[in-house]
Amino acid sequence: MRIGFVLVLAVLVSVPSPISAADCVGLEWPVEGAVVAGFAPVGRYGGHWGVDLAVPEASTVRAAGPGVVSFSGEVVGSVAVTVDHGGGLKTTVSSVGERLVVAGTPVVAGQPLARSGVHDGRPSVHVSARIDGRYVDPLPLLGCAAIRPAGAVRLVPLP
């Protein structure tokens, strides 16, 4: 008699759409700070396409997850660093004061990427996320690396 098991994972967190807790990709917060401006895109090009986190100027900004730096430079007067995490996911930290990595650099989660600067007149960091080129609210993706599945994992016998 063959006995097998199926892994069943219950979602422990409720996250507003279009991203759900099932989309957790294990990203860490690049900096710890209060959200001072949320994700609020307007139309095709307007609004706010990320979140701003208040942090003291020159704070260390870290990679949210492993990947390769795909961009490190200036865009429309804002200094930015983008990490390609693979699978269509990219995160960008911008309005940074100093870049610590160059394009092509492999990074691990938590590795320093930059030092924070000033955005919209206040010390903060702008964080954005794209999945397959589409901007998404980064908040549901950040911090989900800390979710421990042990309380949500249950083995059940195969039929």
From [X] [atom1] over to [Y] [atom2], what is the distance, rounded to the nearest 0.5 angstrom?
X	Y	atom1	atom2	result
Asp120	His48	CG	NE2	6.5 Å
Leu89	Asp84	CG	CG	8.0 Å
Glu57	Glu98	CD	CD	11.5 Å

Do [X] and [Y] sit in one hydrophobic cluster, given that two such residues count as connected whenever their side-chain heavy atoms are within less than 4.5 Å of each other, even indirectly?
X	Y	result
Val68	Leu100	no
Val107	Val102	no
Val101	Val125	yes
Trp29	Leu113	yes
Val93	Val79	yes

Heavy-atom side-chain proximity of Leu141 to Thr91 below 4.5 angstrom: no

Side-chain touch Pro30/Leu142, heavy atoms, less than 4.5 angstrom: yes

For Val35, the option from Val127, Asp52, Leu139 that meets side chain to side chain contact (heavy atoms under 4.5 Å, CB included): Leu139

So, the side chain of [X] versus the backbone of [Y]: is there a donor-acceptor pair under 3.5 Å, distance only?
X	Y	answer
Ser128	Trp49	no
His85	Pro66	yes
Ser116	Ala58	yes

Donor + acceptor pair across side chains of Thr60, Arg115 (<3.5 Å): yes

Compare every heavy atom of [Y] with every heavy atom of [X], then report the nearest pair and how far apart it is.
X	Y	value
Val81	Ser72	CG2-OG, 4.0 Å
Ala54	Ser124	CA-CB, 4.0 Å
Ala109	Glu28	CB-OE2, 3.7 Å
Ala63	Val108	CB-O, 3.5 Å
Ala80	Thr92	CB-CG2, 4.0 Å
Pro56	Ser59	O-OG, 2.6 Å

Heavy atoms of other groups near Glu32 CD, more than 12 under 6.0 Å: no

Ring geometry between His119 and His126 (parallel below 30°, tilted from 30 to 60°, perpendicular above 60°): tilted

